[in-house]
Amino acid sequence: MTSRIVPKKYPMPEQDPKERIRNFREVPLGQDPETVKLEAARCLQCRPPKGKIVPPCVEGCPVGIDIPGFLALTREGRFEEAIALIKEKNALPAICGRVCPYENQCEGACTLGKKYEPVGIGRVERFLADWERARGFRVPARPPPTGKRVAVVGSGPAGLTAAAELARRGHAVTIFEALHAPGGVLVYGIPEFRLPKEIVFAEVEYVKSLGVELKLDVVVGKTVTLEELRREHDAVFIGTGAGLPNFMRIPGENLNGIYSANEFLTRSNLMKAYLFPEYDTPTKVGRRVATIGAGNVAMDCARTALRLGAEESYIVYRRSRAEMPARKEEIQRAEEEGVKFLLLTLPKRYIGDERGWVREVECVRMELGEPDESGRRRPVEIPGSEFRLQVDTVVVAIGQSPNPLVPATTPGLKTSRWGTILADEEGRTSLEGVWAGGDITTGEATVILAMGAGKRAAASIHEYLSGKPWPSDWKPVNA
Amino acid sequence: MFKILSKKFLCPTVAKFEIEAPLIARKARAGQFVILRIDERGERIPLTLNDWSEERGTITVVALEAGATTKRLLSLREGEYLMDVVGPLGRPAEVERYGTVVCVGGGVGIACIYPEVRAFKAAGNYVISIIGSRTKDLLMFEEEIRGLSDELYVTTDDGSYGQKGFVSDVLRRLIEEGRKLDLVVAVGPVPMMKVVAEVTRPHGIKTIVSLNPIMVDGTGMCGCCRVEVGGKTRFACVDGPEFDAHQVDFDLLAARNRRYLEEERRALERLKEGRA
Ligand SMILES: Cc1cc2nc3c(=O)[nH]c(=O)nc-3n(C[C@H](O)[C@H](O)[C@H](O)COP(=O)(O)OP(=O)(O)OC[C@H]3O[C@@H](n4cnc5c(N)ncnc54)[C@H](O)[C@@H]3O)c2cc1C
Ligand code: SF4
Ligand code: FES
């Protein structure tokens with residue numbers, strides 16, 4: 001390659017931590033076109049390594065975006081072509097450009113990253129998507145209708161992607177969503193300061209512009225059953241996500257002031273409790289807030305707590321820093337904002353006052369022992385190390401399980417012992433004409449994996465609607 | 001958008017709404033509820049179904065003015081729209097032929113017990129209904145319930161109508177008289193349901209209550225509605241709202257229902273000052 005190596009990413013301006021913990025606006029402020037062109041020009045335009053068909057970054061991307069391709073176009077300022085190239089593989093780039101764990105995916109695999117900082121692929125994607133949105137989407141021409149009808153259950157990234165892909169192939173698609181707003185975790189879970197809702201709604205509008213019909217306030221399994229949807233449609237896709245909050249089942253967990261992450265985030269994001277009393281839904285955040293867990297969800301809660309007025313916001317995690325599952329970038333931002341980390345610490349019980357409000361959490365210190373089946377060293381309690389932390393609010397962010405509503409009301413729809421819907425590599429379930437994908441088949445995962453599943457299922461649905469027979473030897477891949 | 005087809009005040013602080021919601025009407029069963037949201041800024045509140053008509057494509061709910069949201073709800077007029085109505089949520093009442101079933105309704109709980117009276121009667125039970133309110137003006141659905149019940153007892157706390165006292169007094173008397181009761185179903189304020197549970201417990205009479213915790217989504221996603229039943233945490237919106245009264249931790253429920261009192265007061269004050 002002719003271009004000179006630039007060892008570091010071009011910086012992206014951010015809101016100052018002291019400032020941003022007092023508002024819910026997005027933290028990174030985006031880049032200007034000239035900087036983005038320079039960032040794209042850092043790319044070495046690698047060839048596929050021996051024995052591979054794509055360069056490392058593309059291999060690292062769960063949906064296989066032509067990364068060197070869109071970077072080359074971006075470098076030349078051909079933004080419109082660059083975003084079109086991304087959209088061939090990814091219908092929701094403004095979202096992925098913000099929440100994808102690129103450091104484990106494309107950027108983690110980038111050749112440049114071996115010695116220097118990888119190309120800032122995520123921020124280029126983000127810029128291109130924002131650039132396109134600011135100019136207004138071009139509504140693609142609609143293909144002739146096939147006369148086939150598909151129902152999509154759930155409007156998270158899996159459902160939205162499946163719907164868009166099917167509509168683009170001329171099928172009549174209706175999405176059924178339980179909540180009053182579309183987007184799944186993107187609207188109720190991920191906070192405004194990380195993913196502005198305006199962006200999610202713009203992407204939803206784009207999906208609707210493809211001809212997709214959106215029916216809100218419909219709980220499948222309650223308002224209509226999956227069986228009814230099957231009767232009225234030629235195929236059904238289930239993308240109901242992993243919405244069931246886990247609790248630790250320790251004493252005192254139902255005291256007032258203890259939230260699940262889902263409730264805490266839903267109140268703030270979906271219901272806009274941070275604007276109470278302007279909006280009707282309240283939330284209550286005391287001076288000292290402890291969030292249990294150290295994934296992305298936990299970081300979102302700890303940072304939301306600061307913005308809702310907490311003076312001290314703690315992350316309480318039973319393992320050490322190295323095992324924290326959250327993205328590095330999010331951990332770093334949380335630290336910059338003043339979130340304190342109580343590592344190797346396990347809550348044992350909550351202690352409340354006479355009115356039923358949580359006041360203290362009793363914790364025990366942990367040390368790392370032998371590796372467990374996940375390869376991470378198992379935390380073990382240090383006897384006698386119990387101590388109490390004063391808290392006014394606790395957020396339990398230790399994970400979500402698959403939403404059981406649809407399987408529980410659909411005879412014949414098989415699930416694993418973790419409650420995920422069983423599906424084969426194309427997303428086909430145990431019921432003919434029914435596909436599933438996203439967190440409901442994998443358990444809690446990522447936006448891009450949910451989109452990938454939606455896309456694969458859509459391709460499979462399209463083949464089925466075009467006459468391909470349902471397999472007689474169905475074998476789930478997630479048993 | 002969900003159209004309000006009719007609205008009727010049952011007393012100055014309670015109104016009955018018939019709402020166009022054909023999908024919900026098709027599926028509704030006794031004991032289930034809906035969650036509604038008035039407008040873009042509204043909160044999601046659960047209301048038990050009082051009635052429904054598949055033919056008309058409508059559902060009926062009864063709302064008591066308790067906070068800012070219900071106050072605003074009561075100010076809506078016929079022909080206006082609610083932003084969202086979702087349901088039917090929760091598990092339906094387990095309606096079977098038990099023999100003699102006592103249906104107890106207190107306050108607006110009377111509106112919620114009405115469909116159960118109807119369902120238990122239709123299932124071939126001998127239905128004894130006991131309804132009560134603080135005072136005469138707050139009593140509702142008396143005629144409707146009388147028409148469906150084999151026996152009806154009415155109480156008011158202040159004695160302004162029916163028998164003076166509480167619904168639980170009547171229940172206690174029936175038991176003392178040696179009536180054989182096979183099932184008691186009670187809906188009303190937490191203290192009332194707690195007392196009913198205590199009245200039937202020593203006699204081992206199966207007793208079901210419909211719990212009314214604070215909710216957000218109503219689909220099992222948030223855990224806001226958690227209650228303890230038999231020492232286990234359950235989500236009332238999906239595991240309930242009806243539970244075995246003898247297993248319910250009513251004190252926890254009462255404490256949890258006080259979580260937002262302060263915010264409710266603020267919201268109400270703001271509403272009185274005139275909402276922006
Ligand atoms: C707080 C938080 C932060 C996260 N941060 C990141 C991140 O930074 N990066 C990342 O890649 N991933 C992140 N994730 C994970 C990511 O959001 C999920 O993996 C992804 O959203 C899964 O998509 P999905 O379409 O499968 O399900 P969901 O997004 O969960 O959507 C499911 C939808 O189905 C609806 N639904 C459920 N049941 C029914 C029913 N019976 N009838 C009708 N509708 C129904 C739900 O209301 C919901 O709208 C985060 C998750 C959370 C909770
Ligand atoms: S691996 Fe990095 S340098 Fe190589 S093509 Fe991909 S983005 Fe460019
Ligand atoms: S109201 Fe959210 S889980 Fe019941």
Side-chain angles (χ1 to χ4, degrees), chain A residues 177-181 185 188-189 215-225 228 240-247 249 253-267 270-273 275-284 352 354-357 396 400-401 403-405 408, chain B residues 2 21 23-24 26-27 32 34-45 67-69 72 83-90 216-228 232-233 235 238 249 251-260 262-264 266-271 275-276:
Chain A
E177 167 58 50
L179 291 174
H180 61 255
V185 167
Y188 77 68
K215 286 213 162 102
L216 301 172
D217 295 324
V218 178
V219 184
V220 174
K222 290 286 177 190
T223 318
V224 295
T225 62
E228 288 168 313
T240 46
L244 184 75
N246 296 338
F247 285 92
R249 297 164 196 255
E253 216 171 13
N254 294 330
L255 284 166
N256 288 353
I258 304 182
Y259 293 91
S260 75
N262 275 0
E263 183 186 352
F264 189 66
L265 293 172
T266 298
R267 282 183 180 273
L270 179 69
M271 306 310 298
K272 304 233 180 299
L275 298 174
F276 179 86
E278 197 78 15
Y279 279 66
D280 293 342
T281 305
T283 188
K284 234 186 166 87
E354 64 292 343
R355 286 163 45 251
W357 286 88
V396 183
Q400 277 97 237
S401 302
N403 192 313
L405 232 166
Chain B
F2 297 79
L23 286 181
I24 304 175
R26 239 163 32 122
K27 285 287 158 62
Q32 291 187 297
V34 293
I35 283 193
L36 62 79
R37 199 169 70 117
I38 296 175
D39 58 22
E40 195 46 52
R41 295 177 178 195
E43 63 181 329
R44 296 171 64 102
I45 58 160
T69 294
R72 280 208 298 134
M83 190 96 184
D84 301 281
V85 181
V86 59
L89 300 172
V216 183
D217 62 303
T219 67
M221 182 268 274
C222 75
C224 172
C225 63
R226 51 200 204 278
V227 292
E228 278 180 29
K232 286 213 185 78
T233 296
F235 289 5
V238 284
D249 185 338
D251 296 337
L252 178 76
L253 176 65
R256 286 183 65 78
N257 279 352
R258 286 193 293 267
R259 273 175 290 168
Y260 295 105
E262 198 187 307
E263 287 74 14
E264 278 165 28
R266 265 176 70 197
L268 211 51
E269 271 165 24
R270 189 164 179 276
L271 190 67
R275 194 186 150 94

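From a predicted model like this one, the values you see are computed outputs, not experimental measurements. Keep in mind that the numbers below use all heavy atoms, side chains included, and drop hydrogens, waters and symmetry copies. Within every chain, numbering begins at 1; the chains are lettered A, B, ... in the order of the sequence lines, protein sequences first and strands thereafter.
Residues Pro245(A) and Gly220(B) approach most closely at CD-O, 3.6 Å, considering heavy atoms. Residue Tyr279(A) comes nearest to Glu40(B) through the heavy atom pair CE2-O, 3.7 Å, listed as atom of the first residue, atom of the second, then distance.
Contact annotation for Phe264(A): neither backbone nor side-chain heavy atoms come within less than 4.5 Å of a heavy atom of chain B. Neither the backbone nor the side chain of Leu265(A) comes within contact range of chain B; no heavy atom of the residue lies under 4.5 Å from a heavy atom of that chain. Residue contact with chain B, scored on non-hydrogen atoms closer than 4.5 Å, is absent for Lys272(A). Interface remark: Arg26(B) contributes side-chain atoms only to the contact with chain A (heavy atom separation under 4.5 Å). Contact annotation for Arg266(B): only side-chain heavy atoms (C-beta onward) come within less than 4.5 Å of a heavy atom of chain A.
Ion pair Glu43(B)/Arg267(A) not flagged as a salt bridge, since none of the NZ, NE, NH1 or NH2 atoms sits closer than 4.0 Å to an Asp/Glu carboxylate oxygen. One finds a salt bridge joining Glu262(B) and Lys284(A) here, because a Lys/Arg side-chain nitrogen approaches an Asp/Glu carboxylate oxygen to under 4.0 Å.
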Subject >> Stepwise side chain to side chain contact (heavy atoms under 4.5 Å, CB included) test for Arg258(B) and Arg355(A) >> reply: CA-CA 9 Å; Arg258(B) 286 193 293 267; Arg355(A) 286 163 45 251; 5.9 Å; no

**OP:** Under the side chain to side chain contact (heavy atoms under 4.5 Å, CB included) rule, what do Glu253(A) and Thr233(B) come out as? Steps first, then yes or no, please.
**Re:** CA-CA 9 Å; Glu253(A) 216 171 13; Thr233(B) 296; over 6 Å; no

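Under a 3.5 Å cut-off, the side chain of Arg270(B) and the backbone N or O of Pro277(A) do form a donor-acceptor pair. Using a distance-only test at 3.5 Å, with no hydrogens or angles considered, no donor-acceptor pair links the side chain of Asn254(A) to the main chain of Arg226(B). A donor-acceptor pair is defined here as one N or O able to donate and one able to accept, closer than 3.5 Å; such a pair exists between the side chain of Ser260(A) and the backbone of Cys222(B).
Between chain A and the options Gly218(B), Gly90(B), Gly67(B), Ala68(B), heavy-atom pairs under 4.5 Å are most frequent for Gly90(B). Listed options Asp249(B), Ile45(B), Val216(B) were ranked by heavy-atom pairs under 4.5 angstrom with chain A; first place goes to Val216(B). Among Ile24(B), Leu89(B), Val85(B), the residue with the largest count of heavy-atom pairs under 4.5 Å with chain A is Val85(B). Between chain B and the options Ala408(A), Gly356(A), Gly243(A), heavy-atom pairs under 4.5 Å are most frequent for Gly243(A). Chain A forms the most heavy-atom pairs under 4.5 Å with one residue out of Thr219(B), Val238(B), Asp84(B), and that residue is Asp84(B). Counting heavy-atom pairs closer than 4.5 Å to chain A, the top residue among Ala254(B), Ala21(B), Pro88(B) is Pro88(B).
The shortest distance between side-chain heavy atoms of Glu278(A) and Arg41(B) falls below 4.5 Å. The closest side-chain heavy-atom distance from Asp280(A) to Arg37(B) is not below 4.5 Å.
Expressed to the nearest 0.5 Å, how far OG1 of Thr223(A) lies from NZ of Lys27(B) amounts to 8.0 Å. Annotation: the span from Glu228(A) atom CD to Leu23(B) atom CG amounts to 9.0 Å, rounded to 0.5 Å. The distance from the CG atom of Leu244(A) to the CZ atom of Phe235(B) is 6.0 Å, given to the nearest 0.5 Å. Going from atom OG1 of Thr281(A) over to atom CD of Glu263(B) covers 11.5 Å, rounded to the nearest 0.5 Å. To the nearest 0.5 Å, the span separating CZ on Arg44(B) from OG1 on Thr266(A) amounts to 9.5 Å.
Among the candidates Leu179(A), Asn262(A), Val219(A), the single residue satisfying the side-chain contact (heavy atoms from CB on, under 4.5 Å) test with Asp217(B) is Leu179(A).
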